[in-house]
Amino acid sequence: MDGNGRWAKERGLDRVCGHKTGIESVRAIVEASGDWGIKVLSLFAFSEENWDRPEEEVNALMQLMFKEVTEELDNMMSNNVRVVVLGNRARLSVDLRDAIDSLMEETSHNTGLVLIIFLSYSGKWDIQQAADRMAAEGGDSIEPYLITAGYPDPDLIIRTSGEKRISNYLLWQAAYSEFVFTDTLWPDFRKDSYRDALWEYASRDRRYGKVK
């Protein structure tokens, strides 16, 4: 989800205003995913690299995360959404970790959309921690040790705001993902933009390196 800061700058607003408006896009895409039968939706909310942003912005983002995690329970329950938060939690505050644990526990029995939020996540970090655990336990395959173990690899990855790179997201898991890049900034990415991306994905011929 990229372009919150640029969206705000274009309007002469503080970057945090862009992040707040971006949350409205999150709600719209989560709602559409549930309505359209999407089984798993993942959102790259905050990367490990994002910790290097200005302290004021990082603090505002963490406060915004805490607010949303603590206030979205009723919405998730009424829409039968199961929330999963994945990433390097050691860097999060105790209060935010506790709020995340509570939201995950409360929604754990929901049977609709699985909403995975990647928070303080890095694809390189994920592979490294998986390799370390695999070596320690004498495993012979890295996939069961990835933080996403038990969840499907992404069929489609959408990148907003005109950027055309993976930015350290799901490096292992994205091996055969389809990509859609759009110039639309995330705060403006709503159901119509989402539908367009899904239609483009549906037109693809996925061969996984094979010949059909």
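Along the sequence shown, residues carry numbers from 1.
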Novice: Output yes when a side-chain donor or acceptor of S25 lies under 3.5 Å from a complementary backbone atom of W186, and no otherwise.
Specialist: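 Yes, because the side chain of S25 sits within donor-acceptor range (under 3.5 Å) of the backbone of W186.
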
Novice: Can you list the residues that meet the ring-ring contact (aromatic ring centres under 6.0 Å, His included) rule with W36, with sequence neighbours excluded?
Specialist: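 So W36 forms a ring-ring contact (aromatic ring centres under 6.0 Å, His included) with Y194.
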
Novice: Taking atom CG of L61 and atom NE2 of H19, what is their separation to the nearest 0.5 Å?
Specialist: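 L61 atom CG to H19 atom NE2 measures 4.0 Å (nearest 0.5 Å).
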
Novice: Count I, L, V, M, F, W, Y as connected when their side-chain heavy atoms are under 4.5 Å apart, and connections chain through other members. Are V26 and W7 then in the same cluster?
Specialist: no

Novice: Under the 3.5 angstrom rule, does the side chain of S93 hit a backbone N or O of L96 as a donor-acceptor pair?
Specialist: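 Answer holds: yes.
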
Novice: Kindly give the cluster partners of I23, where membership spreads through any ILVMFWY side chain lying under 4.5 Å from a current member.
Specialist: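 Cluster partners of I23: L64.
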
Novice: Verify, without hydrogens or angle tests, whether N50 (side chain) and S47 (backbone) share a donor-acceptor contact under 3.5 angstrom.
Specialist: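 Checked: pair present.
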
Novice: Tell me if a side-chain donor or acceptor on R89 pairs with a main-chain N or O of L86 at a distance below 3.5 Å.
Specialist: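 Between the backbone of L86 and the side chain of R89 there is no qualifying donor-acceptor contact (under 3.5 Å).
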
Novice: Using salt bridge (charged side-chain N to carboxylate O under 4.0 Å, His left out), reason through E200 and R204 one step at a time and then give a plain yes or no.
Specialist: CA-CA 7 Å; E200 182 174 342; R204 307 276 179 88; 2.8 Å; yes

Novice: Going from CG on L185 to OG1 on T21, what distance comes out if it is rounded to the nearest 0.5 angstrom?
Specialist: 11.5 Å

Novice: Q129 and I147: which non-hydrogen atoms are nearest, and at how many Å?
Specialist: NE2-N, 3.5 Å

Novice: Main chain of E105, side chain of S108: is a donor-acceptor contact present, judged purely on distance under 3.5 Å?
Specialist: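 Side chain of S108 to backbone of E105, a donor-acceptor pair under 3.5 Å: yes, one is there.
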
Novice: Please determine, by modelled atom types, if T182 and R159 share a side-chain donor-acceptor pair under 3.5 angstrom.
Specialist: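 Absent: no donor and acceptor within the cut-off.
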
Novice: Testing the basics here: between N88 and E48, what is the closest heavy-atom pair and its distance to 0.1 Å?
Specialist: ND2-OE2, 2.9 Å

Novice: Do Y176 and L198 share a hydrophobic cluster (ILVMFWY, side-chain heavy atoms under 4.5 Å, transitive)?
Specialist: no

Novice: With ring-ring contact (aromatic ring centres under 6.0 Å, His included) as the rule and sequence neighbours excluded, what pairs involving residues 125-148 come up?
Specialist: none

Novice: Using 0.5 Å steps for rounding, measure from the CE atom of M76 to the CG atom of L115.
Specialist: 6.5 Å

Novice: How close do A45 and M1 get, heavy atom to heavy atom, and via which atoms?
Specialist: CA-CE, 3.7 Å

Novice: Take atom NZ in K20; do more than 12 heavy atoms of anything else shown fall under 6.0 Å from it?
Specialist: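 At most 12 heavy atoms, drawn from other residues, nucleotides or ligands, come within 6.0 Å of this atom.
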
Novice: Does one side chain, of N59 or Q63, offer a donor that lies under 3.5 Å from an acceptor on the other?
Specialist: no

Novice: Applying side chain to side chain contact (heavy atoms under 4.5 Å, CB included), can you list everything that pairs with A174, at least two apart in sequence or on another chain?
Specialist: I157, I166, S177, F179

Novice: Enumerate the residue pairs fulfilling side-chain hydrogen bond (donor to acceptor under 3.5 Å, both in side chains) with a member in residues 109-123, sequence neighbours excluded, ordered by first and then second residue.
Specialist: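 Residue pairs passing side-chain hydrogen bond (donor to acceptor under 3.5 Å, both in side chains), neighbours aside: W51-S120, N80-T111, Y121-D126, S122-N168.
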
Novice: Tell me, please, which residues at least two apart from R82 pass salt bridge (charged side-chain N to carboxylate O under 4.0 Å, His left out).
Specialist: none

Novice: Given 3.5 Å as the limit, does a donor-acceptor pair link the side chain of N79 with the main chain of N75, or not?
Specialist: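 It does hold such a pair.
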
